[in-house]
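Every chain is numbered from 1 and lettered A, B, ... according to where its sequence line falls, protein lines coming before strand lines.
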Amino acid sequence: MSETDVPTPYVPAAVEPKWQSRWAERGTNAAKLDAPTRPFYALMMFPYPSAEGLHVGNLFAFTGSDISARFHRLLGHDVFQPLGFDAFGIHSENYALKVGAHPMELTPKNVANFTRQLGRAGFMVDWNQKVDTSRADYYKWTQWVFLQLHKQGLAYKKAAAVNWCPTDKTVLANEQVENGLCERCGTAVEQRFLEQWFFRISEYAPRLLANLDWLDWSPVTRQAQRNWIGKSEGAELTFDIAAHDASVTVFTTRADTIYGATYLVLAPEHPLVGALTTDAQRDAVTQYVDATKKQDLISRKSSKEKTGVFTGSYAVNPATGAQIPVWIADYVLMEYGTGAIMAVPGHDERDFEFAQVFNLPIVRVVAGPDDHADTPLGDAAFTDDDHGRLVNSGQFDGLAVQEAKRTVTTWLEGKQHAKAVTNYRLHDWCISRQRYWGPPIPIIYCDDCGAVPVPESQLPVELPFISDFKPDDSGISPLARHEEWYRVPCPTCSKPARRETDVSDTFLDSAWYFLRYPSANHSDVPFDAARTKTWLPVNSYIGGNEHAVLHLLYSRFITMVLKDGGFIDFEEPFTRFRAHGMIIREGAKMSKSKGNVINPDVYMEEWGADAFRMYLMFLGPYEEGGDFRDQGISGVRRFLDRLWSSVRDASTEGAPDADVLRKMHRTIKKVGEDTANLAYNTAIAAMMEYMNAVRRGERAPHRDELLPLVQLVAPFAPHLAEECWEQLGHSGSVFDAGWPVFDAAMLVDNTVDLVVQVNGKVRSKLHVPVDITQDAALALAMQEEGVAKFVTGEPKKVIFVPKRLLNIVV
RNA sequence: ACCCGGAUGGCGAAAUCGGUAGACGCGAGGGACUUAAAAUCCCUUAUCCGCGAGGGUGUGCGGGUUCGAGUCCCGCUCCGGGUACCA
């Protein structure tokens with residue numbers, strides 16, 4: 001085959017650039033966007049182009065996605081796999097501030113570096129359809145999306161208590177606050193009142209929840225969304241206030257415990273607090289309300305110590321007629337339910353604690369199976385609502401809790417004191433950001449016409465290049481400091497007016513980007529109708545579960561809104577979603593401070609992109625993640641070396657070995673199934689096993705034993721596969737060669753190893769024909785000394801599992 | 001606290017339906033080739049007793065179901081992730 005005896009060694013640094021440029025020349029990775037036969041849209045979560053470059057976590061995610069895309073292509077789909085950049089946002093802006101540069105100049109550099117790294121890793125990305133959220137040709141349409149929501153009445157402005165990060169100097173969505181700390185910088189979040197734009201995602205809560213039942217998504221992701229949406233069925237109960245012409249409505253999921261409601265609690269911000277406070281209590285209440293207001297959200301949410309103040313007023317329990325005190329306390333939150341609760345200390349942990357601190361009455365109205373009506377509650381509330389029955393509850397005594405919830409609600413409804421309601425934890429989405437690096441919200445304020453949406457024909461509202469983009473403490477966007485941009489004529493009446501100076505949340509950029517890819521080069525529409533019909537919804541989306549409740553929920557919401565607006569005919573953007581796991585290093589999380597971050601460039605340099613890709617996939621189950629150990633990569637590289645030299649040594653003389661061939665067909669089956677299931681680690685193990693069989697004892701492999709292996713390995717190590725494919729005499733790309741087909745007849749063996757057990761313990765193995773009968777197997781087994789000596793008497797029972805085992809019970 | 005995951009050799013991990021626990025890889029030990037080393041190839045490698053043949057034990061802990069449990073059921077422990085005063 002070669003003129004020298006020394007085989008050319010495998011040098012990734014030569015093979016990989018060769019194929020990367022050949023793919024570019026041949027357009028191998030470009031999808032047939034307009035006339036696909038079997039369109040398959042494979043999407044991976046686009047990265048934020050940081051200055052540090054590609055993180056190994058990105059590479060892990062993308063490689064798994066790329067393998068899936070290449071696999072589908074080999075199966076005969078017209079695969080479209082695009083990639084872009086989530087370039088707007090606070091990350092980029094903060095980084096620019098830190099290094100004293102401008103994001104408009106930094107971003108293209110970072111994008112270029114990312115593109116280089118992504119290219120080096122050999123992804124089958126169609127770079128003709130590129131998306132960069134920070135370019136006007138993209139955010140023009142992000143603004144268009146905002147206008148559609150505005151048109152449908154789903155965008156509104158309100159002054160609201162918002163999470164304010166004093167370091168980043170911006171508002172954060174609830175989803176971006178962790179433990180009262182800013183998700184990004186870890187600063188304690190404060191409460192501020194600002195005029196903000198919101199999207200009415202809460203209106204879509206029932207639909208967002210219901211569709212989860214049929215979506216083909218990773219169960220963990222669906223569960224995370226369910227929890228986040230937080231459906232809660234209960235009732236709103238109305239309590240009249242004694243000596244006032246007023247009433248307080250509370251939300252409860254435990255209407256059955258109404259007889260145990262011994263006091264009410266309002267949130268300190270509740271609108272009725274002023275009216276219900278008596279003169280005697282006025283000072284104490286005012287002081288408490290002020291203290292709460294000043295408190296930042298961190299201490300309010302982290303301290304579980306119960307504090308509160310009596311208002312001086314009493315409410316009437318609609319069931320008992322008793323007068324019960326009305327308190328205010330910060331453990332009741334204004335933003336959930338009605339901002340008021342009925343406190344049932346006997347059966348709610350928080351109420352119990354509060355009642356103990358302030359010496360309020362605690363009454364048992366639910367008894368467990370071992371309790372009677374007057375069993376003392378001890379030192380904790382009784383909260384088991386599956387095994388409880390009502391006591392001390394008048395006509396309802398004896399009812400099971402679940403039944404009583406309905407019965408009591410119905411009874412109170414009859415008295416005009418109740419209404420069954422469903423509450424959701426999901427809040428409206430605050431999309432305003434008082435920052436610079438984002439799409440300006442397309443609204444103009446006019447003294448006469450109010451908040452006027454920018455006409456679609458005037459989009460984009462371009463983000464001006466300004467040098468003083470640093471946010472200040474005022475809570476007003478830096479754009480407001482630029483009069484020439486800020487002052488505009490009203491689109492309706494042409495009088496002097498002002499632009500909205502907030503930009504929108506980065507999550508709005510990424511909530512619709514999948515719609516843009518197929519139409520990325522269309523400048524007249526956000527997404528072309530025909531292209532969209534052909535390619536969407538996305539067939540396969542793979543990404544990290546850290547986006548389970550942010551990006552994925554927002555994308556679903558925006559898709560529903562666009563469907564309702566008549567722009568698309570589907571309401572779920574991602575037919576199938578799979579969450580990949582997290583990758584750690586030597587048992588520890590990777591972080592800059594620990595200095596154990598993996599630089600992909602270094603590994604690709606030393607081992608080659610193919611080996612690096614394959615090792616990332618080999619170190620653990622893709623959907624669970626794995627532990628990156630530096631030593632491990634050599635095993636994968638050895639495998640690729642062996643494949644390389646096998647192809648060089650392959651002979652075309654004679655015939656392939658029968659045993660190797662059988663193994664080959666089994667391997668084709670296994671690798672196909674595992675790859676489809678994202679079980680990449682075991683797919684690779686199966687290929688290694690086959691490699692071992694092919695080269696056992698340095699035997700010379702036959703060409704036909706290797707051809708299918710090259711196809712199987714192609715999604716994992718695409719460069720090497722192409723080179724081997726060419727080496728084996730092909731001129732086209734291996735990715736147009738199809739996926740090998742296994743011969744089912746080659747999978748069945750004539751003989752098997754039958755395990756012989758006595759009382760469940762393995763005593764022997766028999767090499768027997770597959771179709772051996774129980775009696776024949778038993779007779780053979782009894783001839784084995786190692787078996788016979790354990791079978792003392794007549795067997796009590798014999799269990800025979802064909803092809804697997806024979807168990808003799810004595 | 002609640003909701004998800006998870007716990008298997010020295011290490012990363014395998015194990016369709018309950019049916020040979022530890023595939024594949026790393027590391028380690030031994031051998032072949034070599035002046036030598038690297039590379040490559042072959043063998044061994046859960047653990048205990050035993051010279052050996054062989055036998056015992058073993059999938060976080062305690063019970064249970066079963067001819068048979070890493071896998072199913074009940075009760076715990078620890079680790080990772082998510083959510084959290086959500087009424």
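Asn681(A) has a side-chain polar atom (N or O) that falls below the 4.0 Å cut-off from OP1 or OP2 of rA14(B). Within the structure, a side-chain polar atom (N or O) of Arg638(A) is placed less than 4.0 Å from OP1 or OP2 of rU40(B). For Arg425(A), no side-chain nitrogen or oxygen approaches OP1 or OP2 of rA87(B) to under 4.0 Å. Between Lys765(A) and the phosphate of rU20(B), there is no side-chain N or O to OP1/OP2 separation shorter than 4.0 Å. Not one side-chain nitrogen or oxygen of Lys670(A) sits closer than 4.0 Å to the OP1 or OP2 atom of rA23(B). Side-chain N/O atoms of Ser232(A) include one lying less than 4.0 angstrom from OP1 or OP2 on rA87(B). One finds a side-chain N or O of Lys761(A) lying less than 4.0 angstrom from the OP1 or OP2 phosphate oxygen of rU57(B). Using a 4.0 Å cut-off, some side-chain N or O of Arg642(A) falls inside it from OP1 or OP2 of rC41(B). Between Arg804(A) and the phosphate of rC17(B), there is no side-chain N or O to OP1/OP2 separation shorter than 4.0 Å. The side chain of Asn545(A) places no N or O atom within less than 4.0 Å of a non-bridging phosphate oxygen (OP1 or OP2) of rC4(B).
Protein atom CG of Asn227(A) is 10 Å distant from nucleotide atom P of rU83(B), rounded to whole Å. The separation between Asp641(A) atom CG and rC41(B) atom P is 9 Å, rounded to whole Å. Summarising the geometry, the separation between CG on Leu766(A) and C1' on rG19(B) is reported as 15 Å, rounded to the nearest angstrom. Following rounding to the nearest Å, Arg666(A) (CZ) and rC24(B) (P) show an atom-to-atom distance of 14 Å. For Lys231(A) and rC3(B), the NZ to C1' distance is 18 Å, given to the nearest whole Å. Rounded to whole angstrom, the span from the CD1 atom of Ile583(A) across to the P atom of rA13(B) amounts to 11 Å. Atom NE2 of His547(A) and atom P of rG81(B) are 17 Å apart (whole Å). Distance Lys796(A) NZ to rU66(B) P: 13 Å, rounded to the nearest Å.
Between Val220(A) and Arg763(A), the residue anchored closer to the 5' end of RNA chain B is Val220(A), taking for each the nucleotide with the nearest heavy atom. Of the two residues near RNA chain B, Ile633(A) and Val801(A), the one whose nearest nucleotide lies more 5' is Val801(A).
Counting only heavy atoms from C-beta outward, the side chains of Asn692(A) and Lys663(A) never approach each other to under 4.5 Å.
When Watson-Crick and G-U wobble pairs are counted only if both distances are under 3.5 Å, rA15(B) pairs with no nucleotide at all. In a base pair of the Watson-Crick type (N1 to N3 plus N6-O4 or O6-N4) or a G-U wobble (N1-O2 and O6-N3), with each distance short of 3.5 Å, rG68(B) is matched with no nucleotide. With a 3.5 Å ceiling on both atom-pair distances, the Watson-Crick or G-U wobble partner of rG80(B) is rC4(B). Under the Watson-Crick and G-U wobble criteria, each requiring two contacts below 3.5 Å, nucleotide rG75(B) is paired to rC61(B). Nucleotide rA28(B) is matched to rU44(B) when pairs are restricted to Watson-Crick or G-U wobble geometry with both distances under 3.5 angstrom.
Base engagement by Leu805(A) is indicated by at least one non-hydrogen atom pair under 4.0 Å involving a base atom. Among the protein residues, Lys789(A) comes within range of the sugar-phosphate backbone only, with heavy atoms under 4.0 Å from sugar or phosphate atoms but none that close to a base. Pro621(A) comes within 4.0 angstrom of sugar-phosphate atoms only, judged by non-hydrogen atoms across all strands, and of no base. In this structure, Val809(A) reaches the sugar-phosphate backbone alone: every heavy-atom distance under 4.0 Å involves primed, P, OP1 or OP2 atoms, never a base.
For Arg556(A) and Trp217(A), the positive end sits near the middle of the six-membered ring, less than 6.0 Å away and at most 45° from its axis. Because its NZ or CZ atom is not both nearer than 6.0 Å to the ring centre of Phe716(A) and within 45° of the ring axis, Arg613(A) does not count as a cation-pi partner of that residue. Relative to the ring axis of Phe790(A), Arg763(A) places its NZ or CZ within 45° and under 6.0 Å from the centre. Relative to the six-membered ring of Trp228(A), Arg425(A) meets both conditions, a distance below 6.0 Å and an angle of at most 45° to the axis.
When distances run from any side-chain atom of Ala685(A) to the nucleotides rG12(B), rA23(B), rG55(B), the shortest one goes to rA23(B). Relative to the side chain of Thr252(A), the nucleotides rA87(B), rU83(B), rC3(B) differ in distance, and rA87(B) lies closest. Among the nucleotides rC86(B), rU20(B), rA15(B), the one closest to any side-chain atom of Val755(A) is rU20(B).
Nucleotides rC33(B) and rC26(B), compared at atom P, are 24 Å apart to the nearest Å. Rounded to the nearest Å, the gap between the P atom of rC24(B) and that of rA14(B) is 14 Å.
Shortest non-hydrogen contact noted between Phe800(A) and Ala777(A) is CE1-CB, 4.0 Å.
Between Tyr554(A) and Trp429(A), the ring-plane angle classifies as parallel under the 30° and 60° cut-offs.
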